[in-house]
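Input: a single structure, listed below in structure tokens.
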Amino acid sequence: MFTKGVAAMVDNGMGGRLARLALSVFVLVLMATIGLVPAARADAPRVRVVEVHGHINGSVASFVNEQLDSAWKDGAAGVILDVDTLSGDDDSANEIKSSIISHTQSLPIAVYVHDHAMGAGAIIPLASKTVVMSPSAILGGAGSSKAKADFKAAAAALGRNQAIAGAFVSADAPLPSLGVANAGDSLTMTAQQAQTAGFATAIATDYPGVLTAMGQQSASIETAHFSAWVAFARWIVLPWATILLLALGIALIIVELLTLHTWGLAGIAGGLLLALIFAAHIAVGHASYVGILLVLGGVVFLLFETHLFPGHGVSAIIGLGLVGVGMYFALGGAQNGALYAISGSLLMTVGILVAFFIYLPRSRVWNKIGQPMMQTATQGYVSSEDYTGYLGSVGEVTSDLRPSGIAEFQGVRMPVVSEGAFISAGTHVEVVLVQGSRIVVAPAASVGYTSV
């Protein structure tokens, strides 16, 4: 009725302008009510929170740079870098510092130290004009860093005390007012000390306090997160996780090579674990594909040794060397503790193999699990554990011994093991030693036999 009345007013020339205005307002209100047009009020300013937590590495640096670029392109009112780190590599921390400096002119950036900014990551607050710390936060303690000059330069660029910044790594002289008694000691500061020394703008317990320090009290908060894969990869590259998974992967591959009835599952699982570890280290920026290529080259040489030119050892030595060097680079080299990870995983691998070959076969749990893998007489295997009657018998190898495999004696196939050397299928062998169910064989020619 209202719209008809207004239309009539327009047709009759009565208050035409007023009628058209009323009609327009009514239509806009109606459309806004049913959601066809956005509300007239402009969006509140948004400040993006980017978490810089844990070990500072290449993935963290790339993430911070991407988020700063994205925030500027999306029209964010500013960015809060939420820092909580105890360690990191100097190159990645300096990359974050450079990203902050390069974006500062176009995007307000605040660093919020809500717990720790220590190790290489202590340089991050030095690059920002606005630094807010929680009451219990700690800043400094970068004694492991080799970038003392970078700390001083970052402080000098914003008019902060270079001697204090350098003391985060190692003090040039005692700083008794800050608790540094000797030259060479590393400085850590509380929030109150940092504010007094000019290294913190404010102290706040939460993001609203940081927004106040930025002059963005009315802004809303949006939080950026790593992708699921990168977050998972950052967990894998933790030293203890890498060591555990690497040891398990190597152990599974060795078990595959030394046992008869894993149906390839152990080798596949071990290979997938190694691939996962290497992919994770590449994803977080620790390594490049060079290490992966070296490992694959080493595997090719090992396969050449075991399948094409067995028993000579040269290919095996080259292969093992390439695998070792490749793993070193695939795990990030010295900068990311690759030697520590490799040595630790090898020690753990030995423990796993000892448990697998010595303890597990004697355990009740393993006996129950191993029942489906038992060799039956219908498959051509003997069920008796007394193999002493075969001592001195000559038979033929039916599968390559590396060093274990299958040999046939008097029509009966049995699992055997060589004395360490590779023996190809079709070779005549003699039983030279019997230890319970362990049957050791040697080429028949080497012990004076030439036929079965």
Side-chain angles (χ1 to χ4, degrees), residues 52-58 60-61 64 81-101 104 109-201 203 238-239 285-286 332-341:
V52 186
H53 292 177
H55 185 82
I56 304 297
N57 52 33
V60 178
V64 170
L81 297 182
D82 186 325
V83 176
D84 182 14
T85 178
L86 294 170
S87 62
D89 64 78
D90 290 331
D91 289 341
S92 298
N94 270 301
E95 187 176 339
I96 295 175
K97 178 203 72 174
S98 299
S99 294
I100 295 172
I101 294 172
T104 296
I109 300 173
V111 173
Y112 179 45
V113 184
H114 84 254
D115 200 356
H116 297 91
M118 301 180 69
I123 200 172
I124 297 173
L126 301 183
S128 177
K129 295 178 181 178
T130 304
V131 179
V132 182
M133 298 177 66
S134 71
S136 60
I138 299 295
L139 171 63
S144 60
S145 174
K146 297 180 176 62
K148 184 175 180 178
D150 294 321
F151 278 73
K152 289 186 173 183
L158 295 177
R160 293 180 176 132
N161 190 306
Q162 296 184 56
I164 293 178
F168 287 173
V169 179
S170 62
D172 294 327
L175 298 171
S177 62
L178 294 173
V180 179
N182 303 301
D185 290 347
S186 180
L187 168 65
T188 57
M189 292 196 298
T190 65
Q192 291 75 18
Q193 289 175 322
Q195 188 175 33
T196 301
F199 283 77
T201 309
I203 298 175
L238 293 174
H286 278 184
Q335 188 172 9
N336 293 292
L339 285 178
Y340 169 74

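Positions are given from 1 along the sequence.
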Quiz: residues 171-178 side-chain donor-acceptor pairs under 3.5 angstrom, not counting sequence neighbours:
residue : atom : partner : partner atom : Å
Asp172  : OD1  : Lys148  : NZ           : 2.4
Asp172  : OD2  : Lys152  : NZ           : 2.8

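- Within the structure, ring-ring contact (aromatic ring centres under 6.0 Å, His included) pairs that include any residue of residues 168-201 comprise Phe168-Phe199 (at least two apart or interchain).
- Between the side chain of Arg160 and the backbone N or O of Gly198, at least one donor-acceptor pair lies under 3.5 Å.
- Considering only heavy atoms from C-beta on, Met189 comes within 4.5 Å of Leu187 through its side chain.
- Across all their heavy atoms, Ser92 and Gly58 have their closest contact at OG-N, 3.1 Å.
- What you find for Ile96 and Ala61 is that their closest heavy atoms are CG1-CA, 3.7 Å.
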Handout entry: Val52/Asp84 under side-chain contact (heavy atoms from CB on, under 4.5 Å): CA gap, chis, key distance, verdict
Key = CA-CA 6 Å; Val52 186; Asp84 182 14; over 6 Å; no

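- Atom CG in Leu126 sits 8.5 Å away from atom CG in Leu158 (nearest 0.5 Å).
- Of all the heavy atoms in Ala127 and Lys97, the pair that sits closest is CB-CG, 3.5 Å.
- Counting only residues at least two apart or on different chains, no ring-ring contact (aromatic ring centres under 6.0 Å, His included) pair has a member in residues 119-139.
- Using a 4.5 Å cut-off on side-chain heavy atoms (C-beta onward), Glu95 and Val60 make no contact.
- Across all non-hydrogen atoms, the minimal contact from Pro125 to Ala122 is CD-O, 3.2 Å.
- Ser186 meets the side-chain contact (heavy atoms from CB on, under 4.5 Å) test with no other residue; sequence neighbours excluded.
- Put simply, the side chain of Thr188 does not reach to within 4.5 Å of the side chain of Leu139, judged on heavy atoms.
- Counting only heavy atoms from C-beta outward, the side chains of Leu81 and Val64 approach each other to under 4.5 Å.
- Residues passing the ring-ring contact (aromatic ring centres under 6.0 Å, His included) test with Phe151: none are found, sequence neighbours excluded.
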Contacts under 3.5 angstrom, residues 109-120 side chains, donor-acceptor by atom type, not counting sequence neighbours:
residue : atom : partner : partner atom : Å
Tyr112  : OH   : Ala204  : O            : 3.1
Tyr112  : OH   : Thr205  : O            : 3.3
His114  : ND1  : Asp82   : OD1          : 2.4

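- Across every non-hydrogen atom of Thr104 and Lys129, the tightest pair is CG2-CE, 4.4 Å.
- When side chains are defined from C-beta on, Gln192 counts as touching Ile203, because their heavy atoms get closer than 4.5 Å.
- Of the possible donor and acceptor atoms, none in the side chain of Ser128 sits under 3.5 Å from a partner among the backbone N and O of Val131.
- Considering CG of Asn182 and OG of Ser170, their distance stands at 12.5 Å, rounded to 0.5 Å.
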